[in-house]
Amino acid sequence: MARTTRSTKGSAATTASAKDATPASKTSAYTLSTESENPPKLFIIPKKASSEARIVTLQNPRYAKPTRYLVCPEAGFFEFTKISAPKTAPRSWLLESARGGISSSEKGLERGLDAQTTKGAEFYVATPIDPVFLVLPALAAKSGKSTDDHGKKRMFLSTEEHFDAVNDPSSHLSEILTWPSVREQIESRMAAVCDTVDAGDEQMFRLNETKLLEEILSKVKRISEKGLPKSMEEKFVTKALEAPILGIKSQPANIPDAKPIDRESASAEEERTSLQAAESADSQSTISSVETSASSVSEASTAATSISDDAATTNEVVNAMTASEEVLKLQRLRVAFDFICSSYIVPKLTEQLKAQISTAKDVVDFQPLDEYLAQLAKLRRDAAAARAPDYSRKRARDEDEDERLEKKRKKEEEDKAKKKNQSLGVKKLMKVNTTGMKKMSDFFKKK
Amino acid sequence: MLEARLDQASVLKKVVDSIKDLVQDCNFDCNDSGIALQAMDNSHVALVSMMLKTDSFSPYRCDRNVALGVNLTSLTKVLRAADNNDVLTLKAEDAPDVLNLTFENPSNDRVSEYDLKLMDIDQEHLGIPETEYAATISMPSSEFKRITTDLMAMSESVTIEASKDGIKFSSQGDIGNGSVTLRQHTNVEKTDESIEIELAEPVSLTFSLKYLVNFCKASTLSPQVKICLSNEVPLLVEYPMANNSYLRFYLAPKIGDEE
């Protein structure tokens with residue numbers, strides 16, 4: 001006779017049964033049904049996903065762990081982002097079946113209520129993911145041996161051959177490859193990053209890092225042009241580029257390309273980012289989901305936390321020199337690039353890509369940003385150095401200081417104890433004017 | 001091991017009461033001649049010296065010299081539990097951390113016992129030489145107390161002038177001035193009321209009245225007080241007790257910049 005929810009009739013029944021039950025067990029009027037071993041999960045699935053869509057297990061491209069994805073023959077690939085309420089504010093879902101609501105017919109009551117509560121209020125959002133990321137591990141699997149000669153020795157292989165190399169029994173990859181439309185999608189995406197050769201009726205692929213980089217850069221550019229989600233923008237762009245206050249000594253930064261942005265454009269910028277944060281939700285994969293998960297302290301915000309360390313480490317400074325539009329843009333690009341790399345690409349390949357991007361000046365030139373960052377680092381060092389003498393002096397005297405403080409504290413404690421045991425007369429005498437009176441030791445010599 | 005029994009708890013009560021407003025912590029130095037105490041006030045302009053000779057106790061046993069570092073406020077609290085007529089016994093080990101006090105009511109066998117925690121007090125001992133004073137005045141302690149409190153109303157300091165005419169206490173203050181002059185006077189019936197002045201040479205010194213008032217708290221110890229004066233030497237105020245025991249106060253005179 002367990003109830004997790006109440007209805008008018010239901011509660012009447014419950015109280016009646018509870019009355020019968022109370023003499024027997026004094027613990028609780030209501031008993032909860034045992035927890036379901038397979039509790040329901042909530043998913044938000046795109047409308048365009050057809051009924052053919054399946055949730056499958058594939059290798060996570062970054063961590064090489066089996067991960068669930070939603071694959072639809074028409075709509076493509078989706079990844080799941082778990083969004084949950086913070087632990088500090090526990091919530092739960094009340095789920096009722098589509099047909100029988102809580103206050104439904106008596107038939108519903110007979111069956112027991114078709115409603116359930118879940119333990120936590122988490123749900124999963126399916127967001128589009130480019131299948132190229134999912135196949136990258138397979139494409140790059142052999143590149144390990146031939147990294148130094150830039151994949152020249154890498155063979156053209158068919159799709160099957162590629163995937164056989166990384167076949168994992170737990171993965172459903174081979175299964176979904178049998179779906180014609182899925183296979184088509186994958187192969188078309190593979191073609192975007194590979195050199196292809198037609199061999200008979202079969203296409204052969206070979207990973208081309210330059211193509212891959214271009215592909216990624218186009219994604220990166222799209223992200224940064226539409227603006228990063230606000231939280232990312234703030235943490236990794238605004239704060240990372242902020243210069244420290246140097247106090248009175250602070251002089252306007254004399255870098256050629258660092259000119260201050262006026263307020264208007266700054267606020268306009270902000271507005272745009274917040275607007276586009278919403279927009280970007282349906283455009284390019286996970287950015288928006290990361291934002292939501294980051295702001296809701298989600299457990300699943302693996303991506304947001306792993307973003308480029310170098311950008312994250314230096315964010316506790318305050319304004320003094322401002323970054324130019326160009327620098328801001330470049331920083332956004334870099335953040336987006338680092339984000340994609342750290343979320344979807346295996347570390348080994350990431351290194352390669354990073355090395356490549358630093359040499360590929362014609363594609364994107366990070367030099368102004370690097371110059372700005374160097375200048376910023378110098379400013380920060382200077383700011384730290386300006387404060388440093390205090391620290392060093394303190395440190396040098398630390399032990400003495402500690403000792404002195406310790407002594408002082410002890411003395412204070414003693415004085416306090418003394419005061420407590422001081423008679424009124426003694427206190428009064430201490431106020432007596434003793435000018436012109438010599439000390440006793442002036443009259444009487446010490447023994 | 002120290003064991004000292006006082007027939008009258010009041011003796012110790014009064015001694016401690018008189019000192020506690022002058023000093024806060026002090027050592028009771030116990031040796032085979034009795035229990036002695038020497039301490040200065042916080043400003044080091046006054047000194048109190050007490051001696052309770054062995055004869056004041058019955059019995060008195062002290063195997064080894066011990067210094068009992070005592071907070072006088074705490075001791076006062078403990079002694080408050082003793083009736084004046086109680087028999088008081090002090091006990092302490094050779095290296096004590098507590099002083100044991102027992103109060104026995106002789107009439108109804110009530111026994112109360114207290115342990116007072118002791119403390120280590122770093123105190124310098126001053127050697128006080130025997131001094132021939134220019135003037136020595138013995139007077140009823142109540143009289144001395146009255147003079148000091150009366151003059152306190154006028155000023156913070158008093159000038160004590162001893163001459164062949166007698167002894168004159170005078171104060172000058174904001175509201176005016178006042179003086180009390182005493183002459184030698186012998187009361188045969190009540191010797192305690194007598195005033196005795198021994199004068200070697202005239203002397204005039206100024207003292208802080210607040211300290212003198214403070215000394216007068218010992219008036220209960222003894223009906224007579226002895227005041228000894230000499231130029232350039234601290235004033236001695238002595239309250240003699242039975243068996244050559246005494247409570248002495250020394251006070252540095254005020255020199256120079258005074259009203």
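Please read these numbers as outputs of a predicted model, since none were measured by experiment. Convention: sequence-line order gives letters A, B, ...; per-chain numbering from 1. Note that these values count all heavy atoms, side chains included, but never hydrogens, waters or copies made by symmetry.
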Margin query: Under 4.5 Å from any heavy atom of chain B, what part of A:Asn433 do you find: side chain, backbone, both or neither?
Written below: both
Notebook entry, point to check: What's the spacing between A:Lys431 NZ and B:Ser43 OG if we round to 0.5 Å?
Noted result: 12.5 Å
Margin query: With a 4.5 Å cut-off on side-chain heavy atoms, are A:Leu429 and B:Asp21 touching?
Written below: no
Item checked: Nearest non-hydrogen partners of B:Ala252 and A:Lys438, listed with the distance -> CB-O, 3.1 Å
Item checked: Interatomic spacing from CE in A:Met430 to CD in B:Gln24 - rounded to 0.5 Å -> 7.5 Å
Note to self: Heavy-atom pairs under 4.5 Å with chain A - which of B:Thr73, B:Leu126, B:Leu72, B:Leu209 has more of them than the others?
What the structure shows: B:Leu126
Next item on the list: Any chance you could measure A:Phe444, atom CZ, to B:Tyr250, atom OH, to the nearest 0.5 Å?
Entry: 5.5 Å
Check: So, for B:Tyr211 and A:Met437, which heavy atoms are closest and what is the spacing to 0.1 Å?
Finding: CD1-CE, 4.5 Å
Next item on the list: First locate atom NZ of A:Lys439, then atom NE2 of B:His44, and finally report the distance between them rounded to the nearest 0.5 Å.
Entry: 7.0 Å
Notebook entry, point to check: Among B:Asp41, B:Val233, B:Asn214, which residue forms the greatest number of heavy-atom pairs with chain A at distances under 4.5 Å?
Noted result: B:Asn214
Notebook entry, point to check: Using a cut-off of under 4.5 Å for heavy-atom pairs, which of B:Lys20, B:Lys77, B:Lys217 has the most such pairs with chain A?
Noted result: B:Lys20
Notebook entry, point to check: For A:Lys445, is it the side chain, the backbone, both or neither that has a heavy atom under 4.5 Å from a heavy atom of chain B?
Noted result: backbone
Item checked: Contact winner vs chain B - A:Val426, A:Leu424, A:Asp442, heavy-atom pairs under 4.5 Å -> A:Val426
